[in-house]
Structure formats: structure tokens, C-alpha cells
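Everything below concerns the one structure shown next.
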Protein chains: 2
Amino acid sequence: MTSENLELRKVGLKITLPRVKIFKLLETMSLQNEHVSAEDVYHHLLKRGESIGLPTVYRVLAQFESAGLVVRRHLFKGRSVFELASDDHHDHIVCLDSSEIIEFRDHIIERRQQEIAQQHNVELVDHTLVLYVRKSN
Amino acid sequence: MTSENLELRKVGLKITLPRVKIFKLLETMSLQNEHVSAEDVYHHLLKRGESIGLPTVYRVLAQFESAGLVVRRHLFKGRSVFELASDDHHDHIVCLDSSEIIEFRDHIIERRQQEIAQQHNVELVDHTLVLYVRKSN
DNA sequence: TTACGTGCAAATCTTTTGCAAAGCA
DNA sequence: TGCTTTGCAAAAGATTTGCACGTAA
């Protein structure tokens with residue numbers, strides 16, 4: 001049993017070809033810190049000769065999100081991007097000039113977020129921190 | 001000359017009825033910490049008997065954004081919400097149960113973001129910090 | 001007057017849904 | 001086999017665009 005299959009089984013999803021293809025692609029992309037939209041996933045798979053339908057990509061990504069395998073982010077207007085979930089929380093710097101995305105980790109901010117949630121008497125489930133920047137001259 | 005007109009003139013936008021209506025509405029909404037979508041603006045205006053077209057709302061909001069009068073946020077999937085720009089930076093807590101939005105301000109996080117931008121040698125233009133929470137039991 | 005702005009309808013883009021056929025356990 | 005998943009086509013939701021008419025300066 002491959003690692004993808006284990007992950008899928010763990011969250012109660014039946015092992016199907018589309019799910020495995022998409023999970024593997026996300027693994028590759030996440031290793032490279034790439035953030036992909038549903039359309040991106042679809043085109044990557046088509047380009048390598050895989051056969052898949054766009055609605056299936058949307059459905060599978062939504063299932064992965066519900067299962068906690070994947071995190072959906074609203075970094076841009078009009079479309080969601082996805083990355084494999086990981087214990088290693090990180091945030092994003094988005095360059096307004098190049099649309100390049102840089103990931104960063106910061107303990108001070110992470111800790112402070114927890115404190116703020118506590119102050120408001122709510123349970124912190126997730127967070128999005130995006131710094132929109134331009135390259136300094 | 002009313003204050004709305006001054007603001008519009010300041011950023012080089014001609015004073016027109018739709019722009020004034022939308023600006024006033026945003027002023028009211030922002031005072032109440034409401035975050036409105038283009039559709040929301042459209043329906044609020046229709047409800048109070050104003051005549052306006054939805055494409056105009058989208059166009060005016062985009063113009064206001066370019067002019068720096070309003071900030072566009074991607075708090076949810078699939079649609080943008082807008083609020084009047086202000087010097088007083090704040091961030092958002094979004095309740096996943098009720099979709100309620102709470103604003104908060106935190107100097108520690110603000111300062112830390114500046115430091116992170118400096119470390120990456122980029123100029124911080126804007127940021128979005130959203131804490132997604134559930135009500136603690 | 002004259003360039004700019006608006007409204008309507010239609011187009012576009014992203015995402016979702018209905019349903020018949022195919023696939024996994 | 002039986003229930004789940006997929007693929008296609010079509011629908012839906014958000015946003016944008018083309019164009020003729022209206023309006024601020």
C-alpha cells in the first residue's frame with residue numbers, strides 16, 4: 001500500500017484513480033511550495049497525459065479539504081488555491097508585482113494569535129496571514 | 001462641498017450620483033464594522049429606493065480600490081468584501097459557525113509583520129490576517 | 001460641448017449540480 | 001453485486017465588457 005493510499009484510507013475516502021492522481025500532484029506541488037487552483041491541478045494532469053474531468057477535481061479538492069488533507073486559501077480574488085495540510089503552520093508573502101508566493105514561519109505571530117483568540121473567548125481553528133508586498137528598490 | 005465630494009475629488013474622481021451614493025453607504029457600513037460585497041451594496045441601495053446598476057457598483061468599487069479609498073478583502077470563498085480604507089489598521093476574526101466578523105487591532109503583530117517584510121527585503125504594501133474561529137463551549 | 005460615466009444585456013470566469021455510465025470493495 | 005465515484009453537459013454565482021445613451025465640468 002502506497003503512502004497516498006494510506007492517507008486516503010485514514011480519512012475514510014475510497015481509493016480511486018482520480019483521488020490518487022490529485023493527491024500525488026499536491027504532494028509534488030507542496031514540496032515545491034506551489035499553490036495551485038483547481039484549474040491548475042486539472043491542467044497539470046492533462047499535460048502529463050492523465051484523463052480527468054474538471055468537476056472531479058473540484059469535488060476531490062473539496063473532499064480533501066473536509067477531510068483535513070488539504071487547506072484552501074483565498075490569496076487572490078476570484079479563485080481558491082490549495083496546498084497539502086501540514087503540522088508546520090506557515091503564512092504567505094504575495095508579491096504584487098510578480099504574483100510570486102513566499103512562505104514564512106513566525107512563532108511570535110503564531111503565539112499572539114492564540115492569545116487574541118483566548119481574549120475573545122473563541123477557539124482558533126485556522127488562520128490566514130498574507131503580506132502583500134512589492135520589491136524594494 | 002460635502003465630505004464625500006471632497007474625498008472623491010481628492011483622488012481625482014468626478015463627482016457623480018452613483019459614486020456619492022456608494023461612498024456614503026460605505027461610510028455608514030464601515031462605522032458599524034460591516035463588510036459588504038458588491039451585491040450587498042447594490043441591494044442596500046435598491047432597498048432604500050435608489051436606482052443603480054450592479055455593474056456600476058462593481059466598477060465604482062474597483063475605482064475606489066485603485067484610488068485607495070477602499071480595501072478589498074478575500075475573507076470568504078468566491079466573493080470580495082469591501083470596507084472604507086482607514087489609517088487605523090485592523091484585522092479580522094471570522095466565526096465559522098455564524099459568519100460573524102469581529103475586528104481587532106494588535107501592535108505586536110503589526111510590528112512583527114514589518115520586521116518580516118524587512119527580513120525579506122520587500123516593501124509591505126498591505127496585509128490580510130484572518131483568524132477563523134469557533135465559539136468555545 | 002465633450003469627454004467621462006452609467007445602465008442594460010450579454011459575455012466571461014470559477015465553481016457546482018444532475019444524471020447516466022463506470023469503478024471500487 | 002451494490003453503493004460510490006466519475007465524466008459530461010448544463011446551471012449557477014460572481015464579475016466584467018460592449019455599446020448606446022446620459023451627465024458633470
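Treat the numbers as computed from the prediction; the structure is a model and nothing was measured. Letters A, B, ... mirror the listed sequences (proteins, then strands); counts begin at 1.
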Open item on the list: With a 4.0 Å cut-off on N to O distance, would you call Glu39(B) and Arg79(B) a salt bridge?
Closed with: no

Open item on the list: Measure OH/Tyr42(B) against P/dG13(D) and give the value in whole Å, please.
Closed with: 15 Å

Open item on the list: Under a 4.0 Å threshold between the charged nitrogen and the carboxylate oxygen, would Arg105(A) count as salt-bridged to Asp91(A)?
Closed with: no

Task: Residue Ser80(A), side-chain heavy atoms: nucleotide from dG7(C), dA25(C), dT15(C) that is nearest - done: dT15(C)

Open item on the list: Does Arg59(A) reach a base, just sugar-phosphate, or nothing at all? Heavy atoms under 4.0 Å.
Closed with: base

Open item on the list: Given dA25(C), dT5(D), dT6(C), identify the nucleotide with an atom nearest to the side chain of Arg19(A).
Closed with: dT5(D)

Task: Nucleotide nearest Thr16(A) (side chain, heavy atoms from C-beta), chosen from dC4(C), dT6(C), dC24(C) - done: dC24(C)

Open item on the list: Tell me the interatomic distance from Leu13(A), atom CG, to dT5(D), atom P, rounded to whole angstroms.
Closed with: 7 Å

TODO: Let me know, please, whether Glu39(A) or Pro55(A) comes out on the 5' side of the other along DNA chain C by nearest nucleotide.
DONE: Glu39(A)

Task: Residue closer to the 5' end of DNA chain C, Lys21(B) versus Arg72(A) (nearest nucleotide) - done: Lys21(B)

- [ ] Please work out if Ser37(A) contacts a base, only the sugar-phosphate, or nothing of the nucleic acid, heavy-atom cut-off 4.0 Å.
- [x] nothing

- [ ] Grab the CZ-P distance between Phe76(A) and dT15(D) for me, whole Å please.
- [x] 17 Å

Task: Separation of dT15(D) P from Gln63(B) CD (nearest whole Å) - done: 16 Å

- [ ] Round to a whole Å and report the spacing from NZ of Lys14(B) to P of dT2(C).
- [x] 14 Å

- [ ] Take the protein atom CZ of Arg9(B) and the nucleotide atom P of dA25(D), then report the distance between them rounded to whole Å.
- [x] 5 Å

Task: Ser37(B) side chain vs Asp40(B) backbone, donor-acceptor pair below 3.5 Å - done: yes

TODO: Please state whether the phosphate of dT16(D), meaning OP1 or OP2, lies under 4.0 angstrom from any side-chain nitrogen or oxygen of Lys77(A).
DONE: yes

Open item on the list: Go nucleotide by nucleotide along DNA chain D from the 5' end; which of Leu54(B) and Gly12(A) gets its closest nucleotide reached first?
Closed with: Gly12(A)

Open item on the list: Salt bridge or not between Lys10(A) and Glu7(A)? Use side-chain N to carboxylate O under 4.0 Å.
Closed with: yes

TODO: Could you tell me whether Glu100(B) and Lys135(B) have a side-chain N and a carboxylate O separated by less than 4.0 Å?
DONE: yes

Task: Proximal nucleotide (of dT16(D), dT6(C), dT15(D)) relative to the Ala38(B) side chain - done: dT15(D)

Task: Between dA10(C) (C1') and Tyr58(B) (OH): distance, integer Å - done: 16 Å

TODO: Give a yes/no on whether any side-chain N or O of Arg79(B) is located under 4.0 angstrom from OP1 or OP2 of dT15(D).
DONE: no

- [ ] Please state how far atom CG in Leu17(B) lies from atom P in dG5(C), giving the value in whole angstrom units.
- [x] 14 Å

